[in-house]
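In what follows, chains are A, B, ... by sequence order, proteins preceding strands, each numbered from 1. Computed from a prediction, not measured in an experiment: that's the story for all the values here.
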Amino acid sequence: MTATLSNNDSTTADLPSDAPPIPEGATMVTVKIERFNPEVDEDLHWESYRVPALPTDRVLNLLHYIKWYIDGTLTFRRSCAHGVCGSDAMRINGVNRLACKVLLKDMFAKSGETTITVEPIKGLPVNKDLLVDMEPFFEAYRAIKPYLVTSGNEPTRERTQSIAERERFDDTTKCILCAACTTSCPVYWSEGSYFGPAAIVNAHRFIFDSRDEATEERLDILNDQDGVWRCRTTFNCTDACPRGIQVTKAIQEVKRALMFRR
Amino acid sequence: MTTTEAPLSVDKPRSATRPAARRNNFELYSWVFMRLSGVVLLFLVLGHMLIMLFLDGGVQRINFAFVAGRWASPFWQFWDLTMLWLAGLHGGNGLRTVINDYARSETTRFWLRTLLYCSIVLTVGLGTLVLFTFDPNIS
């Protein structure tokens, strides 16, 4: 971590005049963002910003600082800002993370100036700056029928399930559809028709649910050319998941179900 | 107030945009085949290289007579035939996957696959023909 700054430090001179005072213990870091404005730019390009950062800040705080005090045109999604809504997935220092879950104390360089690179997630069309078109991602999600399918009369009470039956698919219920896994997958980068890890995770959530009756149908969908057999087990998805879902394991379990359950 | 050219409508959220699943196990079988043939090939190829390159004088002693002597035995004929077929199909299936991953247009995909399938048939077919019709007394 580099030396901390006081309010009177010379490097604060280039900060905008309406910016709040730099808090005690803050360090100046460089945030390098891959930007794109479809109305002006031909292509994506990098822009750097110097912003003050506390060890307790998250990358999202730095993006807010840039948007609020330096360049209001910076565009990105964020909603809850606490790692639950899954809006702010982006490529931070080359890996897919939620900007609201990455703490600055883990990002400071061992020595010298800290630079943090931020890019939009890969494999989806960039609309503007860090904002991508999520439609191809949700199209794959819808295609695996991510809802309970049953037949016969509705029960008058809840559809009960044992603790063990619920435990079977517990891991894959945690998905927040942030697309960090799907857009970290090299197969998805080169072939967008691949369902991608997130869709398979959400299929897994219903395939292994004892109450659901469309298991065969979902297995058929994932047995096709764009399904689970495209997975090369690179584990990028498991590394990227901000919820800690064992994504690759879930994909392998679907493969296993295809091989041995029918 | 500005007006938009495009009609303000939203597609039905559940309309199918993908072709229906084909309900066959081809991708499953090809995935299993890659794993099984890989294990067998490991044994066959390493054994082949050990015999051809290292044991008993190594690569220096390989000539027409040496190959003719080996193929006189049905065991080595079977070994080489299995290796040829498994390597041809294993490598071909791997390339098919690579083409599926990287070809951008359907036309490119079709022609690359056609080229691939022709070359597999040619190499595996020619190899098989030679293995079965090999004449040690050819002048």
Side-chain angles (χ1 to χ4, degrees), chain A residues 39 123 125 133-149 177 185-196 199-200 203 207 214-234 251-262, chain B residues 2-42 89-114 116-117 120:
Chain A
E39 290 168 353
D133 179 8
M134 298 282 279
E135 184 45 33
F137 172 79
F138 283 116
E139 184 274 321
Y141 172 64
R142 286 193 299 270
I144 53 92
K145 302 180 189 293
Y147 40 83
L148 187 76
V149 178
L177 297 170
C185 175
V187 180
Y188 189 77
W189 294 339
S190 55
E191 181 50 69
S193 66
Y194 172 47
F195 279 97
I200 299 171
I207 287 169
T215 297
E216 284 302 311
E217 200 180 336
R218 292 198 190 87
L219 286 177
D220 271 338
I221 294 168
L222 293 179
N223 197 23
D224 211 347
Q225 196 185 349
D226 293 321
V228 287
W229 307 111
R230 279 241 151 136
C231 169
R232 308 287 145 70
T233 53
T234 57
I251 300 174
Q252 297 301 93
E253 284 177 357
V254 175
K255 285 182 187 168
R256 187 178 291 253
L258 276 165
M259 279 174 65
F260 299 115
R261 249 170 60 168
R262 44 191 221 158
Chain B
T2 56
T3 52
T4 50
E5 299 272 325
L8 291 170
S9 67
V10 176
D11 287 338
K12 273 187 290 181
R14 282 182 188 172
S15 60
T17 48
R18 284 170 186 267
R22 287 177 300 178
R23 288 188 158 271
N24 70 43
N25 284 328
F26 178 75
E27 294 293 333
L28 187 157
Y29 293 140
S30 91
W31 186 87
V32 173
F33 169 77
M34 288 305 264
R35 269 110 200 117
L36 295 182
S37 61
V39 171
V40 179
L41 274 171
L42 204 64
L89 295 180
H90 183 96
N93 194 33
L95 272 173
R96 181 184 72 89
T97 317
V98 172
I99 291 169
N100 277 344
D101 274 1
Y102 289 99
R104 290 292 161 93
S105 78
E106 280 302 317
T107 327
T108 324
R109 186 167 296 175
F110 172 80
W111 286 110
L112 284 175
R113 273 169 159 184
T114 309
L116 173 70
Y117 297 151
I120 295 171

> Taking the side chain as C-beta and beyond, is there a heavy-atom pair between B:Thr97 and A:Arg232 under 4.5 Å?
Replying inline: yes

> For the atom pair CH2 (A:Trp229) and CZ (B:Phe26), what is the distance rounded to the nearest 0.5 Å?
Replying inline: 13.0 Å

>> For A:Asn223 versus B:Asn25, what's the shortest heavy-atom pair and its separation?
In response: ND2-OD1, 2.6 Å

> So which of A:Phe138, A:Trp189, A:Tyr194, A:Phe195 has the biggest tally of heavy-atom pairs under 4.5 Å with chain B?
Replying inline: A:Phe195

>> With a 6.0 Å cut-off (strictly less than), is the heavy-atom count around CZ of B:Arg104, excluding the residue itself, greater than 12?
In response: no

>> With heavy-atom distances below 4.5 Å as the criterion, would you say the side chains of B:Trp31 and A:Met259 are in contact?
In response: yes

> So, are B:Glu27 and A:Lys255 salt-bridged, with charged N and O less than 4.0 Å apart?
Replying inline: no

> In this structure, are over 12 heavy atoms from other groups packed under 6.0 Å from B:Phe33 atom CZ?
Replying inline: yes

> How long is the gap from CG on B:Leu28 to CG on A:Leu219, to the nearest 0.5 Å?
Replying inline: 10.5 Å

